[in-house]
S.K.: 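Sharing a structure here in structure tokens format.
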Amino acid sequence: MTDPTDLTKLSAAELAAKIHAREVTSAEVTRAHLDRIAAVDDHVHAFLHVDREGALAAAEAVDADLAAGRAPASPLAGVPLALKDVFTTKGIPTTCGSRTLEDWVPPYDATVTRRLREAGVVILGKTNMDEFAMGSSTENSAFGPTHNPWDHARIPGGSGGGSSASLAAFEAPLAIGTDTGGSIRQPGAVTGTVGVKPTYGGVSRYGLVAFSSSLDQGGPCARTVLDAALLHEVIGGHDPMDSTSIDAPVPPVVEAAREGARGDLSGMRIGVVSEFRGEGYQPGVLRSFEAAVDQLRALGAEVVEVSCPHFTYALPAYYLIAPSEASSNLARFDAMRYGLRVSDDGTHSAEEVMSLTREAGFGPEVKRRIMLGTYALSSGYYDAYYGSAQQVRTLIIRDFDAAFEQVDVLVSPTTPTTAFKIGERVDDPLAMYLADLCTIPSDLAGNAALSVPCGLSDEDGLPVGLQVMAPALADDRLYKVAAAYEGARDATAGSLVHQVPELNGAAR
Amino acid sequence: MTTVVELMDYAEVVERFDPVLGLEVHVELSTATKMFCGCPNLFGGEPNTHVCPTCLGLPGALPVVNGKAVESAVRIGLALNCAIAPWCRFARKNYFYPDMPKNFQTSQYDEPIAFDGHLDVVLDDGEVVRIGIERAHMEEDTGKSLHVGGATGRIHGAEHSLLDYNRAGVPLIEIVTKPVTGMGARAPEVARAYVTALRDLLRAMDVSDVRMDQGSLRCDANVSLMPKGGTEFGTRTETKNVNSLRSVERAVRYEMTRHAAILADGGSIRQETRHFQEADGTTSAGRTKETAEDYRYFPEPDLVPIAPSKEWVEQLRTTLPELPWERRKRIQQEWNLTDEELRDLVNTGAADLVAATVDAGAEPGEARSWWVQFLTQQANTREVELAELAITPAQVATVIGLVKQGELTNKLAREVVQGVLDGEGEPGEVIERRGLKVVSDDSALITAVDEALAAQPDVVEKIRGGKVQAAGAIVGAVMKATKGQADAKRVRELIMERCQ
Ligand SMILES: [Zn+2]
């Protein structure tokens with residue numbers, strides 16, 4: 001059970017209720033989290049930048065509003081949040097985990113940032129990430145890795161390791177991540193937290209520093225399904241500044257989460273993706289997953305086996321499309337206008353300064369992907385690589401379409417294994433890429449997907465994630481299924497994330 | 001390495017070779033805002049004042065297509081008799097350049113919004129040539145670099161460079177011709193006539209300022225030669241950013257003679273871009289395209305495809321103004337001009353201007369004489385094209401109207417027009433500032449008339465004696481006294497009244 005006096009152990013919904021009832025102030029809640037960050041972040045390194053003053057000012061503004069009798073700006077007004085360092089924040093550094101942007105302070109807010117501020121959500125700071133969101137472990141951050149609160153020797157997932165770790169370390173009750181190939185769900189799974197990749201276009205990309213434009217999707221990270229839903233409604237919705245933003249209402253995700261919490265999934269048809277198990281999957285992960293499927297059945301869902309034959313090609317297709325777009329998106333980091341500039345000593349030409357800066361500013365994974373993408377787009381290779389990958393993408397969309405004719409949602413493990421050790425895969429990019437094996441198809445198809453904790457793997461005691469996938473614009477289905485499952489599992493085994501080892505003081 | 005090129009005599013060039021032209025014209029659209037953001041689309045301005053995260057390509061910023069620019073693109077496509085794509089996309093053209101904020105240009109590549117059209121061009125002798133249009137596509141302009149401290153103004157040798165991104169993201173339409181063949185000796189003239197016709201068309205459509213001197217209309221001229229009677233195109237050179245109509249003609253002619261000399265000498269043409277020198281009418285080598293640049297085009301993932309509906313396209317077709325050549329046909333009939341008179345009108349470049357002046361309310365005869373005489377003279381002394389004079393047909397019509405109403409004399413009217421040409425503002429403002437209004441206040445005139453009569457009693461005698469023509473001397477004196485601002489007719493009336 002959680003300590004009711006420890007504000008950092010409460011859910012966002014609980015905190016909001018207390019703040020709005022004026023049982024506690026937002027400033028108290030914010031200070032509790034800032035203190036927690038001060039106490040533990042040396043060991044976790046979830047944050048790249050903590051905006052103590054800004055956070056307290058925002059919290060006090062919410063408190064002043066409430067004291068004046070005004071209604072809260074949103075259901076999450078006054079609740080603190082950790083923001084992935086890939087969203088621009090006016091006046092607060094935005095580095096994307098890269099030396100290239102080490103000193104860059106954006107002159108404008110991302111739409112997500114703006115919506116959070118307008119909703120009275122208190123931004124504690126910016127969280128660590130793989131450089132430009134490229135990676136599956138947060139080891140590619142130029143500012144050092146984030147540690148998994150469950151085991152400091154292990155990775156917290158990537159690229160949004162900082163956001164998910166901040167939740168598991170109780171440094172923040174809410175966080176924002178971005179998912180290009182699984183960077184919200186995969187860290188969620190390995191830290192025992194909830195991560196949602198909304199339908200592509202469901203959350204504005206304006207001000208989200210682009211990695212791969214056709215795949216990037218911001219989304220909520222939380223410790224409970226309901227908290228994620230509440231955050232989803234704050235950041236979601238049409239944005240005229242983003243052409244690819246969907247001009248449709250946000251699906252009723254909060255309502256769906258509350259409905260799911262009643263624990264009845266009868267009438268729901270759930271498909272188990274047969275391609276996502278077997279060789280390469282950790283037995284403990286598969287056992288947790290099977291137990292979760294049994295639980296879904298017990299809740300009344302009809303579970304069937306579904307085959308998505310082209311999912312096998314998702315990983316190679318992703319590693320052509322994402323680097324191609326990245327090679328173009330990252331071309332703007334050229335030392336001409338902002339960010340790092342090296343060798344500008346009057347002895348080098350503009351072209352030399354550009355390439356020397358790019359050499360110095362980008363880490364090895366980013367360079368690898370720029371090279372890969374440049375090659376895949378070059379004339380003579382375009383059709384063989386980028387073109388074929390886009391065809392595979394179409395086949396994957398068709399697999400989903402066919403599957404969703406039979407079932408309402410699909411389920412799979414979120415990741416093939418639990419969190420691996422820091423350093424274990426750094427010299428083997430291909431092994432590293434496997435961490436996103438199960439999450440990539442939803443990114444390629446642009447539909448919605450979520451990861452919810454589904455127990456601890458029996459061989460290493462580390463969290464396992466259950467992935468739920470839904471058709472585009474049916475994000476509410478994810479919340480219904482996940483909330484029902486979460487309620488049932490918590491009732492028998494207790495809240496998973498609250499079983500994270502206490503990490504006050506020294507690292508384990 | 002610079003080599004002095006012996007040019008071949010032009011007559012010999014066309015004797016031995018068939019020229020092939022390809023013209024690429026970039027047009028800056030005069031939309032209120034830029035192509036992909038809400039920044040004002042204004043020429044000039046303090047550097048880097050019309051910029052935002054999107055047109056500066058800041059991390060995270062995203063483009064949104066300017067609907068008005070798409071509308072202009074479709075209208076231009078229709079006016080050029082093109083097919084309009086029912087579905088098309090933007091692409092990214094990737095290359096590094098300091099004045100390009102994102103290091104890729106958002107453009108259209110294999111999916112242009114308009115394609116496969118033509119433009120009929122009238123040559124000086126009245127012959128009509130149909131120029132095929134390959135495509136018209138949308139893209140964004142880049143910023144501008146200013147290289148400081150070097151001798152040439154080029155980046156080479158400069159101490160430092162300044163970047164102005166005000167122009168970055170301004171909407172551009174690029175219009176590309178199909179290869180123009182079979183023009184023989186007339187190729188340079190055809191090139192100029194084509195750009196002229198295009199400019200007149202775009203001006204009539206009111207989609208661009210089409211100011212070549214300000215770069216809102218820029219022409220790249222591709223020239224190649226093939227041996228007389230051949231069918232295989234030769235290697236081409238691309239002369240970039242030629243910035244006047246006359247220069248287009250000169251650049252094509254120069255390249256023809258240069259190519260011919262090299263080819264006749266057994267040499268081969270290098271595929272390269274070239275710069276045109278206004279001063280001596282020559283071109284010089286720019287970037288060599290020995291290996292074709294790889295732009296790594298791919299569909300722009302930040303923008304959704306554009307799908308102009310059939311209904312919308314047809315609706316836009318109805319918004320096309322009377323096109324310049326249709327208007328010419330109409331004015332010839334309305335004004336009863338012979339083919340020759342029309343051709344003269346067209347050759348002075350005045351036809352559309354006269355027509356527009358008539359549309360603005362002036363009499364055809366008056367409008368013609370203003371443009372063909374006084375304004376053509378002004379264009380010559382100012383060394384600009386008639387159409388590049390800083391006066392609009394509407395302003396000319398206003399001045400003509402004031403003369404008709406007796407508010408201006410012809411002499412004063414010419415001074416007003418001078419003032420407008422000198423940038424002193426609207427005709428009304430010039431009249432105000434220079435004090436050019438006809439003195440219509442009788443009391444002031446009467447004083448002047450009485451003074452003149454008193455000064456020349458002998459003339460008064462003559463008038464009273466019936467020699468009415470003697471009044472001219474008094475009129476002249478009054479006009480002199482009033483600095484030409486008196487209405488001569490009224491002065492004469494007053495003199496007669498006083499001498500009765
Ligand atoms: Zn702008």
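A note on names: the letters A, B, ... follow the listed sequences, proteins ahead of strands, and every chain is numbered from 1. Note that these values count all heavy atoms, side chains included, but never hydrogens, waters or copies made by symmetry.
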S.K.: Regarding Thr142(B) and Gln105(B), do their side chains bring together a donor and an acceptor under 3.5 Å, going by distance alone?
M.R.: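 Distance-only check fails for Thr142(B) and Gln105(B).
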S.K.: Taking side chain as everything from C-beta outward and backbone as N, CA, C, O, which of these in Pro107(A) sits under 4.5 Å from a heavy atom of chain B? Side chain, backbone, both or neither.
M.R.: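 It is the side chain, since no backbone atom gets that close.
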S.K.: If I measure from the heavy atoms of chain A, does Asn94(B) come under 4.5 Å with its side chain, its backbone, both, or neither?
M.R.: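 Just the side chain, heavy atoms under 4.5 Å.
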S.K.: Does the side chain of Ser214(A) come under 3.5 Å of the side chain of Arg393(A) through a donor N or O and an acceptor N or O?
M.R.: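 On atom types as modelled, these side chains qualify, holding a pair under 3.5 Å.
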S.K.: Pick from Met354(A), Gln390(A), Arg205(A): which one has the most heavy-atom pairs with chain B under 4.5 Å?
M.R.: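 That would be Arg205(A).
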S.K.: Measure distances from Tyr165(B) to the heavy atoms of chain A and classify the residue's part below 4.5 Å as side chain, backbone, both or neither.
M.R.: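 Answer is side chain: those atoms of Tyr165(B) sit under 4.5 Å from chain A.
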S.K.: What orientation do Phe333(A) and Phe132(A) show, parallel under 30°, tilted 30 to 60°, or perpendicular over 60°?
M.R.: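 Correct class here is tilted.
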S.K.: Among all residues two or more places apart in sequence or in another chain, which pass the side-chain contact (heavy atoms from CB on, under 4.5 Å) test with Ala175(A)?
M.R.: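 Applying side-chain contact (heavy atoms from CB on, under 4.5 Å) to Ala175(A) gives Ala82(A), Ser163(A), Ser166(A), Leu167(A), Cys221(A).
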S.K.: Does a side-chain heavy-atom distance below 4.5 Å link Asp242(A) with Thr111(A)?
M.R.: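 Side chain of Asp242(A) against side chain of Thr111(A), heavy atoms only: no contact under 4.5 Å found.
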S.K.: So Asp99(B) and Lys144(B), do their side chains get closer than 4.5 Å, heavy atoms only?
M.R.: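 No, too far: nothing below the 4.5 Å cut-off.
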S.K.: Does a donor on one side chain and an acceptor on the other come within less than 3.5 Å for Thr237(B) and Arg274(B)?
M.R.: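 The answer is no; no qualifying pair exists.
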S.K.: Quick one: what part of Thr88(A) sits under 4.5 Å from any heavy atom of chain B, side chain, backbone, both or neither?
M.R.: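 Only the side chain of Thr88(A) comes within 4.5 Å of chain B.
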S.K.: Would you tell me whether Lys68(B) and Thr31(B) have side-chain atoms, one donor and one acceptor, within less than 3.5 Å of each other?
M.R.: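 Result is no, nothing qualifies.
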S.K.: Among residues 38-57 of chain B, which residues come closer than 4.5 Å to chain A, judged by heavy atom distances?
M.R.: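 If one takes a 4.5 Å heavy-atom cut-off, the residues of residues 38-57 of chain B near chain A are Pro53(B), Thr54(B), Leu56(B), Gly57(B).
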S.K.: Tell me, out of Cys37(B), Pro63(B), Pro301(B), who's got the most heavy-atom pairs with chain A below 4.5 Å.
M.R.: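 Sorted descending by pairs with chain A, the first entry is Pro301(B).
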S.K.: Is chain B contacted by the side chain of Tyr206(A), its backbone, both, or neither, given a heavy-atom distance below 4.5 Å?
M.R.: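 Both parts, backbone and side chain.
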S.K.: With no hydrogens and no angle check, do the side chains of Ser213(A) and Glu325(A) hold a donor and an acceptor under 3.5 Å apart?
M.R.: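 Their side chains do not contain a donor-acceptor pair, so the 3.5 Å distance test is not met.
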S.K.: Quick one: are Thr95(A) and His49(A) in side-chain contact, heavy atoms under 4.5 Å?
M.R.: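 No - every pair of side-chain heavy atoms lies 4.5 Å or more apart.
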S.K.: Is Phe298(B) close to chain A through its backbone or its side chain, or both, or neither, when contacts mean heavy atoms under 4.5 Å?
M.R.: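 Interface part for Phe298(B): both.
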S.K.: Is Asp216(A) close to chain B through its backbone or its side chain, or both, or neither, when contacts mean heavy atoms under 4.5 Å?
M.R.: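 Answer is neither: Asp216(A) stays 4.5 Å or more from chain B.
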S.K.: Are Glu238(B) and Lys240(B) ion-paired here, with the side-chain N under 4.0 Å from a carboxylate O?
M.R.: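 Judged by the 4.0 Å cut-off on N to carboxylate O distance, Glu238(B) and Lys240(B) do form a salt bridge.
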S.K.: Chain B: which of Ser328(A), Cys96(A), Ser379(A), Gly373(A) shares the most heavy-atom pairs with it under 4.5 Å?
M.R.: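 Top count of heavy-atom pairs under 4.5 Å with chain B: Ser328(A).
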S.K.: Tell me which of these, Thr244(A), Thr94(A), Val86(A), Leu101(A), has more heavy-atom pairs under 4.5 Å with chain B than the rest.
M.R.: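 Answer, by heavy-atom pair count under 4.5 Å with chain B: Thr244(A).
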